[in-house]
Amino acid sequence: MLFRSWRVGSWTFDGHAVVNDPELTHPDPGFALGVDSRLPAVADFSIQGGLVHEARLAQATVRSELRVGYVGPTNVALSPTSTGASAGYLTSQVGVSAEVGRWGIRASLDNLFNRDDDTFSFGNPFYVSGDISTPQRPITGRLALTARF
C-alpha cells in the first residue's frame with residue numbers, strides 16, 4: 001500500500017494506491033479450486049485521491065472534501081464451476097461539515113456521477129436466466145447532526 005499526503009496552507013491533497021495478488025495456499029482438501037488459486041472478491045488494485053479544505057468561519061471549523069477513486073477488476077469465482085467478475089468501478093464523494101464546540105453538522109453526496117457499475121456478484125446457482133450484478137448504490141445524499149460526549 002502506498003499513501004501520500006501533501007498540505008499547502010489550508011488545503012490537503014491525499015492519495016493512496018493498493019495492489020493485491022492474494023492466493024489461497026492451504027485450502028480445505030474437500031474444496032476443489034481448480035487451477036485458479038486467487039483469493040476471490042479481492043480487487044487486483046485500487047486507487048483513491050482526495051482534496052480537503054479546512055477553514056475557520058466565525059466560531060466554526062468548516063471542512064470541505066472531495067474524493068474520487070477506482071476499484072479495479074475483481075474475480076469472484078469461488079470454485080471451478082462458478083464464474084463472474086467485476087470489471088472495476090469508480091467511486092466519488094463530496095461533503096461539507098461544520099463544527100462548533102461539541103456540535104457538528106455534515107452534508108454529503110456519494111456516487112456523484114450516478115454510476116451503476118457492477119461492484120461484484122457471487123451469483124445464484126438457482127437463477128438460470130442470465131447474469132446477476134450488484135450495481136453501485138445510486139447518487140445518495142446525507143445530512144447528519146452530531147454531538148461529542
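Numbers here simply count residues along the sequence, with the first being 1. Just so it is clear, the structure is predicted and the values come from calculations on it, not from any experiment.
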Test side-chain contact (heavy atoms from CB on, under 4.5 Å) on Asp110 and Gln136 and set out the steps. CA-CA 10 Å; Asp110 288 343; Gln136 290 178 269; over 6 Å; no

Interatomic spacing from CZ in Arg106 to CG in Leu145 - rounded to 0.5 Å: 13.5 Å

Please evaluate residues Gln48 and Arg67 with respect to the criterion side-chain contact (heavy atoms from CB on, under 4.5 Å), reporting the C-alpha separation (whole Å), side-chain torsions for both, the decisive distance (0.1 Å), and the verdict. CA-CA 7 Å; Gln48 184 182 50; Arg67 297 205 167 278; 3.8 Å; yes

Checking Thr91 against Tyr70 for the side-chain contact (heavy atoms from CB on, under 4.5 Å) test, could you report, in this order, the C-alpha distance in whole Å, the side-chain angles of both residues, the deciding distance, and whether it holds? CA-CA 6 Å; Thr91 63; Tyr70 179 76; over 6 Å; no

Does a side-chain heavy-atom distance below 4.5 Å link Pro73 with Phe45? yes

May I have all residue pairs that pass salt bridge (charged side-chain N to carboxylate O under 4.0 Å, His left out) and include part of residues 54-64, sequence neighbours excluded? Glu54-Arg63, Arg63-Glu65

Tell me if a side-chain donor or acceptor on Arg148 pairs with a main-chain N or O of Gly101 at a distance below 3.5 Å. yes

For Phe13 against Gly50, the heavy-atom pair lying closest together: CD1-O, 3.1 Å

Could you please spell out the steps behind the salt bridge (Lys or Arg N to Asp or Glu O under 4.0 Å) verdict for Asp14 and Arg7? CA-CA 9 Å; Asp14 62 71; Arg7 187 172 182 104; over 6 Å; no

Under 3.5 Å, is there a donor-acceptor pair between the side chain of Ser92 and the main chain of Leu112? yes

List the residues meeting side chain to side chain contact (heavy atoms under 4.5 Å, CB included) with Val18, not counting sequence neighbours, and say none if there are none. Met1, His16, Asn20, Ser46

Does one hydrophobic cluster hold both Val62 and Ile105, with members joined at side-chain heavy-atom distances below 4.5 Å? no

Donor-acceptor pair, side chain of Asn111 and main chain of Arg137, under 3.5 angstrom: yes

Distance-only side-chain donor-acceptor flag, Ser64 / His53, under 3.5 Å: no

Would you indicate whether the side-chain heavy atoms of Thr12 and Trp6 approach each other to under 4.5 Å? no

Between Asp44 (side chain) and Gly72 (backbone), is there a donor-acceptor pair under 3.5 Å? no

When hydrophobic residues are tied together by side-chain contacts of less than 4.5 Å, even through go-betweens, does Leu143 share a cluster with Val96? no

